[in-house]
Structure formats: structure tokens, C-alpha cells
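Here is the structure we will look at, set down as C-alpha cells.
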Amino acid sequence: MREEAMTQKLEAKSAEERLERLRHSAAHIMAEAVLEMFPEAKIGIGPPIDTGFYYDFSLPRALTPEDLPVIEEKMRQSVKSDVPFAHEEISKDAARKLFAEQPYKLELIDDIENEAVSLYKHGGFVDLCQGPHVERTGQVQAFKLMNIAGAYWRGNERNPMLQRIYGALYETEEELQSHLEQIEEAFRRDHRRLGRELDLFSFHEEYGPGLVYWHPKGGRVRTIIEDFWREEHYKHGYELVYSPHIGRSSLWETSGHLDFYKESMYSPMDVDGQDYYIKPMNCPFHIQIYNSGLRSYRELPIRLAELGTVYRYERSGVLHGLMRVRGFTQDDAHIFCRPDQVKEEIERCVDFMQLFFRAFGFEQFHVFLSTRSPEGNYAGSVEDWEMATSVLREAIQDRGLPHDVDEGGAVFYGPKIDAKLLDNLGREWQCTTIQFDFNLPQRFDISYIGEDGREHRPYMVHRALLGSMERFFGVLIEQYGGAFPLWLAPVQAVVIPIADRHIEYANTVADALRQAGLRVEVDIRAERMQAKIRDAQLQKVPYMLVVGDREAEAGAAAVRLRSGDDLGAMKLPELIARMQAEVEERG
RNA sequence: GCCGAAGUGGCGCAAUGGUAGCGCAAGCGAUUUGUAAUCGCUAGGUUGGGGGUUCGAUUCCCUCCUUCGGCUCCA
């Protein structure tokens with residue numbers, strides 16, 4: 001059994017590796033094709049990625065979508081010629097001569113530490129490349145060029161921008177097709193589309209891009225999420241607070257935001273000749289609440305939580321539906337605690353995060369531990385950082401959460417754990433963040449009186465678990481494809497009277513359900529039952545309750561589920577009990 | 001912010017220099033129906049904003065705004 005699992009693992013690994021080779025090889029074949037079209041092209045890099053490959057080029061003109069089929073056709077010819085990939089090692093000097101016309105390659109050569117550099121050659125194309133590749137171009141079969149995009153050389157915005165061509169590649173044509181279908185499906189499940197179709201939210205770009213308008217149905221879902229959130233926070237020892245939306249410039253000077261965060265803050269407004277700023281973060285306010293009285297070590301930990309709405313300037317090109325907006329509500333909290341409490345507090349945060357993810361049906365999330373880099377300017381002592389980093393690491397390791405370490409990814413004021421959720425195109429969106437703050441306690445000089453009667457500096461942990469209501473809702477919509485589970489569904493049931501004479505009974509059914517705390521609508525339009533069912537299906541309403549003569553007679557409703565299942569006629573008490581149980585278990 | 005593409009009734013689309021159309025949705029009327037679209041009629045657009053070329057611009061040019069796909073940056 002063990003051995004079998006082992007073999008399977010090895011096979012899986014080698015399949016993955018083979019796919020990587022194929023993708024990487026396709027990138028070379030694409031570069032060959034592009035060079036054929038533009039002999040003067042300067043080539044960047046072309047790695048495999050998790051759905052295919054890309055290659056970056058500097059070209060004499062902008063590519064258009066019409067170029068892609070042409071390039072793809074040239075690639076197919078190269079595939080057809082089925083030439084071998086040959087590996088070679090040459091000296092750096094020889095490589096510099098070989099790539100004399102390729103400035104980006106020269107730059108890469110300069111960064112290689114070895115004396116010898118590795119080349120891969122196929123047909124007339126040679127690339128500076130570690131490999132590995134497949135044996136022959138003919139092995140590259142199931143691919144498709146997808147889109148053109150701009151990308152800075154080496155990902156640095158001070159560098160020139162190159163043109164990137166993305167391609168999809170899979171082992172087989174079937175897998176490629178299923179990937180393409182998946183993209184289609186993702187389009188159907190896009191939260192921006194569903195937001196409109198299900199009447200959840202809107203944007204009004206002419207009155208401000210990146211600003212969300214929550215409609216009644218989106219508002220319903222948000223309220224349910226928030227109510228659950230508040231209830232759980234009280235259960236978990238948090239106190240809920242409310243803080244102002246604006247604060248005088250002196251606050252942001254003390255906090256350091258005007259030094260370090262100004263480019264994300266909106267211009268100040270004048271209030272009685274003083275500059276006030278709209279808040280990009282809640283922390284300085286929570287610190288004031290902490291600081292409003294003398295704190296004893298006995299009071300700690302103090303956990304202040306707030307659904308705090310913040311506004312941040314985001315560069316115009318980065319806005320994206322609900323996922324990236326300019327005004328959003330964080331499920332923020334700041335924990336002030338003693339050194340001996342730090343470990344437990346962090347563990348509680350990680351557990352709490354998992355409680356929420358489970359409640360909302362997220363199985364998949366990607367955890368990162370962000371640490372300091374050896375050099376760089378950081379607030380707090382090295383000892384504090386070491387302690388904090390190991391506490392964070394242990395908390396996720398103890399819970400068996402696989403994670404990646406982002407070395408140097410920490411903000412200047414402390415190390416952190418982040419968790420990202422995936423949208424349905426596999427793009428990751430950071431939601432949870434649990435971070436130490438060694439900066440603000442010092443800047444605001446906060447303290448508590450210890451057992452020894454002296455002042456001590458508390459540790460401060462900043463955390464948002466869902467991240468922001470907007471982003472979390474966006475991911476949630478995609479996660480469920482708009483078909484929210486019963487406890488979250490804005491409309492849980494639609495009562496469908498078959499003919500007008502059934503409207504009265506339909507209303508009594510709806511009232512009975514409403515009395516039981518369920519969210520119900522009655523479809524009284526002069527439409528046929530079939531049309532009403534169809535519309536309820538499209539609105540992804542979990543329960544459709546058809547009522548006609550038979551049901552009115554029996555005090556029942558014919559229950560159809562969103563899945564298409566027909567449960568037949570159910571007596572109202574039975575139906576209500578069923579639905580309540582489903583809500584209760586958050587199904 | 002950068003590279004590229006796009007913007008036409010609420011939504012999805014058509015029209016290539018010569019009178020802006022279609023489907024869905026909406027409103028009205030008829031129909032009263034048993035598990036995914038009943039029929040008919042009506043209304044709705046200074047074609048994202050501004051400027052230019054032209055006798056004439058949805059169409060060509062410039063500019064700004066916004067969106068989309070990336071890059072960079074972030075909850």
C-alpha cells in the first residue's frame with residue numbers, strides 16, 4: 001500500500017515534470033516563430049507556468065490578436081518538422097558573442113555565476129536556458145496561444161515594457177479543450193457578471209470607479225455574513241468598536257502613514273483650517289481606544305474588532321470588480337497582549353480564520369509566512385522579529401497548514417501570515433492577514449502596567465480574517481457560482497402560484513415561512529408556472545414552492561429544489577423544519 | 001501608473017462614411033396555465049465625454065474618462 005502510494009506519487013511527479021518540459025519547449029518554439037516574423041526582435045524570458053507558457057519580446061510594433069494565429073501556424077510547422085532539442089554548454093564569453101544582438105540575454109548572462117552557461121537549441125533557434133526540454137519539437141502538440149499582454153522586463157516597473165504572449169498547453173488535446181471550457185465556465189461564474197445577473201451590486205464608473213453599490217440582495221448576504229461574524233467575535237472574546245472615518249493630519253503623522261502610506265491616501269479635506277484625512281486603515285483609531293485609559297496587565301489581551309470602512313487610492317489599472325476596489329470594509333481587529341500571551345493569541349487567530357473558511361465552504365486556501373530579509377529597515381528589535389516569526393510559523397505548522405515562506409515579504413513593521421483564496425480562474429486574492437506590529441505601539445507610546453507596577457509595552461497584532469467584505473463577497477460569489485447555500489441565499493424560497501386563484505394561499509405559505517425566519521418571495525406575475533420556475537432557477541433560488549389546488553387543499557407546497565430535484569408535496573410544518581435545519585447547519 | 005484591446009437602449013449583440021437595427025428585459029393588454037421561456041402591442045439611443053477631418057462620422061484622426069486581459073502594487 002505504502003509502496004503503491006509512493007509509485008503513484010513518483011508517477012504524478014514525473015507527469016508534472018513532463019508537462020513542464022512540454023510547456024517550456026513550446027515557449028522556445030514560439031520564440032522561434034516570433035523571431036521568424038520579426039528578425040530584429042529582442043527576446044526576454046519564456047518560462048512554463050501552471051496552465052502553459054509565455055515568452056516576452058521587444059518588437060518593432062505592437063502585436064494584435066490577428067498575429068496570434070499566424071505565430072501559432074509557424075509553431076505548428078516547427079512541430080511538424082520534428083527537430084530535436086539539443087543541449088550545449090559554452091563559456092560566458094562565447095555566449096556573449098552568440099547573443100551579441102540580444103541585450104536581455106546579455107543581462108542574464110552577466111548574472112550567471114558559473115563560468116559555463118547552458119544553451120538549448122532546436123532547428124535554427126538557440127536560447128540561453130537551463131532546460132530541461134522534451135526530446136523533439138514534434139512532442140509539443142496540444143497548445144493554443146491565448147493572449148497578448150504587457151510585462152515589465154524582470155517585473156520591475158522602471159524597466160522597459162515587453163510584449164508577452166501567453167499560451168495554454170496540456171498533455172493531450174482533451175485536456176487542453178477541457179481547460180478552454182473551464183475558462184468559458186469561469187466567465188459564466190465571474191462575480192462581476194453574476195453580480196449584475198443576480199442583482200447583488202453595481203458600479204457607477206461615471207461617479208467614481210472602484211466604489212461599490214450594494215443592492216438589496218447583495219446587502220442581504222453581507223448582513224448575514226456580518227451578523228455571523230459579530231456573533232462569532234463576541235463568542236471568541238473580542239469587543240466590537242466603531243471608529244471615525246476621518247482623522248486630523250496629526251494622527252496620521254504620529255502613525256507614520258503620512259510618511260509611508262501617503263500615496264495610497266486621498267488628499268486631505270479642510271475642516272476649520274485643519275487637514276483631515278479619510279482613513280486608509282483603522283489601526284490608529286483602535287490604538288486611541290486602547291489608550292483611552294490606563295491599562296493593567298490583568299485586562300490583557302484586549303481584542304478590538306471593527307467592520308471598518310477604509311478608502312485607499314488604487315492605481316487605475318488595478319481595479320477589478322469587487323476584488324480590488326477603492327473603498328472597502330475590513331473585518332479588522334487589533335489585539336493588544338502581553339509577551340506571554342502572544343503565542344496563544346496567534347493560534348487563536350489561525351483557528352478563527354479556519355472557522356470562517358470552513359463556514360463559508362472554502363477548502364482551498366494558500367497560506368504564506370512573510371518574513372524579513374536580512375537587510376532592510378525594520379521597526380522593532382531583531383529578537384522581537386525572531387520571536388514573532390517563530391510563533392507565526394509554529395501556529396501554522398501545528399495545524400498542519402501547508403504554507404510558503406515569502407522571505408523578505410514582511411512589511412517594515414512586522415512579520416505576518418497571509419491566506420489567499422482562489423477565484424474561479426485560479427487567481428489568488430489575499431484575504432486573511434495576521435500581522436505583528438512593532439511600529440505603532442512605539443509611535444503612540446502605548447503601555448500597560450505590569451505586575452511589577454511598571455509600564456510595559458504591549459504586543460500588537462493586526463488581523464483581518466475575511467479580509468474585506470467586498471473581496472470576500474467576490475470570492476464567495478465565484479466559489480458558489482452565485483448559488484449560495486440556504487443560510488446565505490438572499491431569497492431562500494419563491495412561492496409559485498399556478499393560477500391567480502392560488503395567490504392568496506401562496507401568501508399564506510410565504511407568511512408562514514417568514515414567521516419562521518425564512519426569506520421568501522411570492523411570484524405573482526401573470527406568467528405561466530414554467531416561466532416562474534425558469535426565472536427562479538436563473539436567480540439560483542434554493543427552494544421553489546409550487547402551489548395549486550392540490551397544495552392549497554392539503555396545506556402543503558410542492559417542493560422543487562434548485563438542483564432540479566422534485567421533493568413532491570410537503571406539509572408546511574415539515575417544510576419549515578427541513579429548511580430551518582438546513583440553515584442551522586449552514587448548508 | 002505602464003502595454004494592448006474595447007466602449008452602440010437596463011443586459012447581450014448588429015450596422016464601415018449616407019435615415020442606428022435585433023434578441024432578452026421593461027410597460028400595457030389578452031391568456032389562468034402542474035415543474036426551465038404564452039401571445040400581441042408599445043416605449044426606450046445627441047453610438048462613453050470633448051475636439052477635429054468631411055457636404056455628411058457609430059464608422060477616420062486627436063484627447064480625456066471608463067472597462068477588459070496582463071505587468072507593477074495590494075485587503
Side-chain angles (χ1 to χ4, degrees), chain A residues 54 56 58-59 61-65 67 146-166 187 190 192-193 196-197 199 202-210 261 263-264 280-281 308 310 312-326 328-332 411 418-421 425 427 429-433 435 462-472 474-475 496-503 526-538 544-551 558-562 564-569:
Chain A
Y54 68 79
D56 290 344
S58 169
L59 302 173
R61 66 162 172 89
L63 290 169
T64 68
D67 290 319
M146 302 299 288
N147 50 357
I148 305 158
Y152 297 108
W153 167 240
R154 296 190 139 186
N156 187 327
E157 65 179 320
R158 283 190 295 274
N159 287 342
M161 181 157 275
L162 307 178
Q163 300 192 64
R164 175 173 296 178
I165 305 176
Y166 282 96
F187 175 71
D190 190 313
R192 292 167 295 189
R193 179 191 170 97
R196 191 166 41 236
E197 289 176 353
D199 198 15
S202 61
F203 288 91
H204 300 269
E205 284 85 14
E206 65 275 36
Y207 302 124
Y261 207 70
E263 69 284 1
S264 295
M281 292 189 191
V310 297
R312 299 181 185 173
Y313 172 72
E314 297 285 352
R315 304 210 281 181
S316 60
V318 306
L319 300 176
H320 183 93
L322 291 179
M323 305 297 201
R324 189 79 179 268
V325 294
R326 284 182 171 160
F328 54 99
T329 301
Q330 293 184 301
D331 70 315
D332 210 356
V411 269
D418 293 327
K420 305 186 182 192
L421 294 173
L425 274 176
R427 292 181 289 211
W429 296 98
Q430 183 178 322
C431 291
T432 308
T433 185
Q435 45 194 53
H462 168 113
R463 49 111 287 199
L465 301 180
L466 309 180
S468 76
M469 300 314 294
E470 287 74 9
R471 179 175 290 180
F472 188 75
V475 181
I496 300 175
I498 289 176
D500 283 356
R501 66 177 181 281
H502 306 123
I503 288 178
E527 279 291 350
R528 298 172 61 203
M529 175 202 66
Q530 282 88 337
K532 295 179 184 180
I533 287 177
R534 178 167 194 272
D535 290 340
Q537 283 290 151
L538 292 175
M544 280 152 269
L545 309 175
V546 177
V547 295
D549 293 328
R550 299 199 295 266
E551 288 75 19
V559 181
R560 178 195 162 104
L561 302 182
R562 166 171 70 186
D565 289 343
D566 186 351
L567 302 187

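Fair warning: this is a prediction, and the values are worked out from it, not measured in the lab. Chain letters run A, B, ... following the sequence lines, proteins first, then strands; residues in each count from 1.
In this structure, C2(B) and G70(B) make a Watson-Crick or G-U wobble pair, each of the two defining distances being under 3.5 angstrom. G18(B) is paired with C55(B) under the Watson-Crick or G-U wobble criterion, all donor-acceptor distances under 3.5 Å. Remark: G40(B) base-pairs with C28(B). Criterion, Watson-Crick or G-U wobble with two distances under 3.5 Å. Applying the Watson-Crick and G-U wobble criteria (two distances, each under 3.5 Å), U47(B) pairs with nothing in any strand. With a 3.5 Å ceiling on both atom-pair distances, G9(B) lacks any Watson-Crick or G-U wobble partner.
With hydrogens and angles ignored, a donor-acceptor pair closer than 3.5 Å exists between the side chain of R324(A) and the base of C73(B). With hydrogens and angles ignored, no donor-acceptor pair closer than 3.5 Å exists between the side chain of Y54(A) and the base of G70(B). Side-chain atoms of E551(A) come within donor-acceptor range of the base of G34(B), with a qualifying N/O pair under 3.5 Å. Between the side chain of R528(A) and the base of U31(B), no donor-acceptor pair of N or O atoms lies under 3.5 Å. For R471(A) and C74(B), a side-chain-to-base donor-acceptor distance below 3.5 Å is present, hydrogens and geometry of angles not being considered. For R560(A) against A36(B), a side-chain N or O and a base N or O form a donor-acceptor pair under 3.5 Å.
With both ends at atom C1', the span from G70(B) to C64(B) equals 23 Å, rounded to whole Å. A14(B) and G9(B) have their P atoms separated by 13 Å, with the value rounded to a whole Å. Distance check on atom C1': C60(B) versus U47(B) gives 16 Å, rounded to whole Å. Comparing C55(B) with U66(B), their P atoms sit 35 Å apart, to the nearest whole Å. Rounded to a whole angstrom, the distance from the C1' atom of G48(B) to that of U31(B) is 42 Å. Taking atom P on both C13(B) and U8(B), the two are 9 Å apart, rounded to the nearest angstrom. Across the C1' atoms, U72(B) and G4(B) are found 16 Å apart, a figure rounded to whole Å. Using P as the reference atom, G49(B) and U59(B) are 11 Å apart when rounded to the nearest Å.
Using a 4.5 Å cut-off on side-chain heavy atoms (C-beta onward), Q330(A) and V310(A) make contact. When side chains are defined from C-beta on, M544(A) counts as touching Q537(A), because their heavy atoms get closer than 4.5 Å. No side-chain heavy atom of V547(A) sits under 4.5 Å from any side-chain heavy atom of I498(A). Under the 4.5 Å side-chain criterion, counting only non-hydrogen atoms from C-beta, K420(A) is not in contact with W429(A). In this structure, L322(A) and F203(A) have side chains that are in contact, with non-hydrogen atoms separated by less than 4.5 Å.
Set against U38(B), U35(B), G1(B), the side chain of A531(A) has U38(B) as its closest nucleotide. Side-chain atoms of V318(A) lie closest to C73(B) of the nucleotides C2(B), C73(B), U35(B). If you check U31(B), U66(B), A36(B) against the side chain of Q537(A), the one that comes closest is A36(B). Side-chain proximity of R196(A) to the nucleotides C11(B), G1(B), A37(B) is greatest for C11(B). Comparing C71(B), G69(B), U33(B) by their nearest atom to the side chain of A149(A) picks out G69(B). Among G34(B), U35(B), C71(B), the nucleotide with an atom closest to any side-chain atom of D549(A) is G34(B).
Stacking of the aromatic ring of F328(A) onto the base of A75(B) is found: the ring centres lie under 5.5 Å apart and the planes are inclined by under 30°.
At a threshold of 4.0 angstrom between heavy atoms, the contacts of G155(A) are confined to the sugar-phosphate backbone, with no base atom among them. No contact: I496(A) has no heavy atom under 4.0 Å from any strand.
At the phosphate of C74(B), neither OP1 nor OP2 sits under 4.0 Å from any side-chain N or O atom of Q430(A). Between R154(A) and C71(B) there is no side-chain N or O to OP1 or OP2 distance below 4.0 Å. At the phosphate of U33(B), OP1 or OP2 sits under 4.0 Å from a side-chain N or O atom of R501(A). An OP1 or OP2 oxygen of C73(B) is reached within less than 4.0 angstrom by no side-chain nitrogen or oxygen of Y152(A). The phosphate of G69(B) has OP1 or OP2 within less than 4.0 Å of a side-chain N or O from R427(A). At the phosphate of G1(B), OP1 or OP2 sits under 4.0 Å from a side-chain N or O atom of S316(A). A sub-4.0 Å separation between OP1 or OP2 of G69(B) and a side-chain N or O of H320(A) is present.
Of the charged side-chain nitrogens involved, at least one lies within less than 4.0 Å of a carboxylate oxygen, so that E157(A) and R315(A) count as a salt-bridged pair.
RNA chain B is contacted by both M529(A) and Y261(A); M529(A) maps to the nucleotide lying nearer its 5′ end (nearest heavy atom per residue). The residue among A151(A) and S468(A) whose nearest nucleotide of RNA chain B is located toward the 5' end is A151(A).
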Show the numbers, then the answer: is there a salt bridge (charged side-chain N to carboxylate O under 4.0 Å, His left out) between D566(A) and R560(A)? CA-CA 5 Å; D566(A) 186 351; R560(A) 178 195 162 104; over 6 Å; no

How far apart are the C-alpha atoms of R471(A) and F328(A), what are their side-chain angles, what is the distance that settles it, and do they pass the side-chain contact (heavy atoms from CB on, under 4.5 Å) test? CA-CA 8 Å; R471(A) 179 175 290 180; F328(A) 54 99; over 6 Å; no

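Put simply, CG on N156(A) is 16 Å from P on C3(B), counting in whole angstrom units.
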